[in-house]
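Only this structure's heavy atoms are used, side chains among them; waters, hydrogens and symmetry mates stay out.
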Amino acid sequence: MDHLQGLNIKQREAALHLKGPLLIVAGAGAGKTKTITHRIVNLIKEGVSPDKILAVTFTNKAAKEMRERVISEIKKNSNGVAEQNSTPFVSTFHSLGVYIIKENARILGLTKYFTILDEGDATNMIKEILKELGIDPKQYEPKKIKNIISREKGKFIYLADYTERENSPMGGTMGKLVAQVWGLYEKKKIKENALDFDDLLLKSTKLLKENLEIRKIYQERWEYIHIDEYQDTNEVQYLMSKLLSENNKNIVVVGDADQNIYSWRGANLKNILNFEKDYPDAKIIMLEENYRSTKNILEAANVVIKKNVYRPDKNLFTKNEAGEKIGLYEALDEVDEADFIATKILEIIDSRENFSGRGLSQADEPRGSAEPVGSDSDPAVKEFSRLSQIAVLYRANFQSRAIEEAMLKYNIPYQVLGVKFFERREIKDTLAYLRAALNPQSLSDIKRIINFPARGIGKVTLAKIFAGDTENLPIKMRIKIDNFYKILEEIKEKIQSEKASQVIKFVVKKSGIENELKNGTEEEVERLENIKELATLALKYDNLANGAGIEKLLEDASLASDQDSIMVNQEKVEKKVVDAVKLMTVHAAKGLEFKYVFVAGLEDGLFPYQRYDSAEETDREEERRLFYVAITRAKEKLFLSFANFRTIFGSRQINTPSEFISDIPPDIIEAEGEKTGIKTIYI
């Protein structure tokens with residue numbers, strides 16, 4: 001049982017479970033990934049072939065971490081066991097959907113090289129449809145329409161059912177418009193051999209549900225199924241999990257109802273609460289020992305979350321020390337609050353003996369400095385809780401402005417989580433060349449790149465190309481168009497014969513992007529550097545031959561989540577900025593942990609956020625769960641702050657402190673900073 005060393009009693013019990021359904025209720029910091037990893041290793045030790053095991057999670061980062069841990073544990077514990085050639089299938093739900101769809105592309109009327117539309121591409125397509133209908137996109141926001149369609153698909157509702165419902169006497173104007181746009185949206189995607197994120201789940205699950213023969217193939221392929229973050233599954237993900245496991249019933253789900261914070265994305269809390277109803281023979285194991293936080297932090301988390309009704313009763317505990325009290329700062333306004341956070345970060349740095357005499361100087365450039373505070377090669381810095389171990393969390397994105405200004409004022413390097421590397425214009429342009437080369441039907445990609453770099457091909461010409469009316473164009477224009485498509489053909493040949501990183505380099509040169517940007521403005525040169533960084537990133541796909549590397553790169557780029565890239569340069573930032581404070585929303589912080597955590601903006605109406613269109617108790621409980629997630633990100637020290645005044649949408653508002661603050665026992669809270677001289681009156 002060497003492979004089970006280091007597990008506590010409950011973790012070991014879960015790891016040793018072999019047959020039948022199992023629900024692992026894993027509290028924050030309770031080692032759920034470690035438990036699943038050891039269970040998979042134990043299955044293999046018991047003679048289960050690795051390729052019979054499926055593990056599904058929500059982010060590429062989590063899937064990568066689990067995959068690496070499993071492979072590492074298998075190698076570590078392979079003594080006496082023949083080296084396994086196969087490995088468990090570990091992926092996100094969306095990647096699993098892509099896998100199933102690609103294997104059955106013909107049945108679904110797709111080619112192997114279908115395009116995956118990211119959120120921006122899908123929204124732009126809907127914007128074009130609105131314009132074609134003569135509707136002003138400012139009147140009906142394309143993103144809102146896209147979100148409505150997405151929410152319906154997440155509930156496993158088809159276009160036909162939605163159209164019938166909204167075109168009934170009970171339907172409203174907006175619903176009728178969405179139905180019309182949705183129908184045209186589906187036709188456009190079919191024409192372009194493209195799918196959006198929701199299609200990856202909807203079409204693969206629909207295939208499993210309606211085709212018994214195909215369903216049996218995957219049920220026999222994966223006899224042991226693990227679903228991480230089960231509380232975050234929507235109806236389609238829930239149904240996919242159920243269909244895959246209905247034959248063997250060897251399904252293990254891991255989750256925590258207290259960390260369900262994505263109902264606005266369609267996550268259904270009932271899925272985890274009703275697991276025992278779905279699987280009457282299910283075994284339930286509670287992981288309540290927290291390895292992350294101090295006793296004081298856990299006490300605050302337990303007290304706060306116990307007010308929620310829709311949850312299984314559990315109480316996190318830890319063998320860690322009591323730790324420091326929770327700091328609470330009463331700020332005058334958002335500027336004062338941000339100033340407190342920045343100066344407190346400086347105090348944290350100065351209080352560490354490893355940083356004595358090091359400090360922050362004016363020479364240390366914030367946000368992406370090539371020479372940040374400290375160096376990764378410095379052993380003292382490795383021991384120090386680096387700036388990257390400090391996080392500032394907030395409820396809404398707009399709060400970051402004041403905090404960023406304070407970071408700049410005090411010259412503290414910082415990173416904002418949420419701006420994806422793959423969303424940069426130049427990266428999307430480069431990837432569009434690759435997608436168009438593999439899928440010439442992708443008119444959205446053609447439209448994006450046919451005139452970048454400039455080729456003198458205007459909108460009228462483009463319309464004729466898409467209409468198949470190129471014969472009536474002038475001969476010079478036809479030559480330009482032919483040359484463009486020849487470039488795409490050459491890129492396709494390179495994709496199928498060269499390594500992924502070499503293909504990127506070829507695209508940049510052959511397309512003319514390099515010549516366009518290298519002698520341009522400083523901003524254009526930086527854009528070229530970002531594309532070069534894409535070639536560096538592509539190195540990890542070089543081991544995949546015959547075009548599979550570029551296929552995987554395109555798939556990963558399309559499915560990249562907020563946590564898969566930090567700030568504006570995914571790999572680049574991680575290499576160059578050794579120490580940087582993380583700024584992010586609480587939603588983005590889920591699954592992460594930091595030694596020091598600041599939770600800003602704890603005011604009634606902001607956190608908990610006031611949804612003006614709903615007074616549902618379920619919404620209030622989700623806000624409380626969100627605060628619970630914020631608290632449990634902290635390992636050693638937690639700071640809370642609120643502002644008496646805050647300017648929102650240009651209006652200065654008077655605030656009362658969040659009810660969450662008063663939930664925390666006073667004996668584990670200590671006041672921070674100097675008194676503002678303003679007395680808050682509670683009515």
Only one of Lys189, Lys153, Lys206, Lys146 forms a salt bridge (charged side-chain N to carboxylate O under 4.0 Å, His left out) with Asp198, so which one is it? Lys146
Criterion salt bridge (charged side-chain N to carboxylate O under 4.0 Å, His left out) on Glu551 and Lys112, from CA distance to verdict: CA-CA 10 Å; Glu551 277 188 70; Lys112 180 184 177 184; 3.7 Å; yes
Looking at residues at least two apart in the chain, or sitting in another chain, which of them share a side-chain contact (heavy atoms from CB on, under 4.5 Å) with Ser245? Ile225, Ile251, Tyr279
Which distance, rounded to the nearest 0.5 Å, do you find between the [atom1] of [X] and the [atom2] of [Y]?
{"X": "Ile190", "Y": "Gln441", "atom1": "CD1", "atom2": "CD", "result": "11.5 Å"}
{"X": "Leu244", "Y": "Leu54", "atom1": "CG", "atom2": "CG", "result": "6.5 Å"}
{"X": "Lys582", "Y": "Met584", "atom1": "NZ", "atom2": "CE", "result": "7.0 Å"}

Are there more than 12 heavy atoms of other residues, nucleotides or ligands under 6.0 Å from atom NZ of Lys32? yes
So, Glu223 and Asn250: side-chain donor and acceptor under 3.5 Å apart, yes or no? no
Apply ring-ring contact (aromatic ring centres under 6.0 Å, His included) to Tyr218 and list each qualifying residue two or more places apart in sequence or on a separate chain. Trp222
For residues 498-506, tabulate all N or O donor-acceptor pairs below 3.5 Å that involve a side-chain atom, not counting sequence neighbours.
unit_1 : atom_1 : unit_2 : atom_2 : d
Ser501 : OG     : Asp542 : OD1    : 3.3
Ser501 : OG     : Asp542 : OD2    : 2.7

Lys492: salt bridge (Lys or Arg N to Asp or Glu O under 4.0 Å) partners, not counting sequence neighbours: none
Donor-acceptor contacts, no H, no angles, side chain residues 89-100, under 3.5 Å, sequence neighbours left out:
unit_1 : atom_1 : unit_2 : atom_2 : d
Thr92  : OG1    : Ser95  : N      : 3.0
Thr92  : OG1    : Ser95  : OG     : 3.0
Tyr99  : OH     : Glu103 : OE2    : 3.2
Tyr99  : OH     : Arg221 : NH1    : 2.9

Which atom pairs, one a donor and one an acceptor, fall under 3.5 Å between side chains of residues 480-490 and the rest of the protein, sequence neighbours left out?
unit_1 : atom_1 : unit_2 : atom_2 : d
Lys480 : NZ     : Arg455 : O      : 3.4
Asn483 : ND2    : Ile479 : O      : 3.3
Glu490 : OE1    : Lys510 : NZ     : 3.3

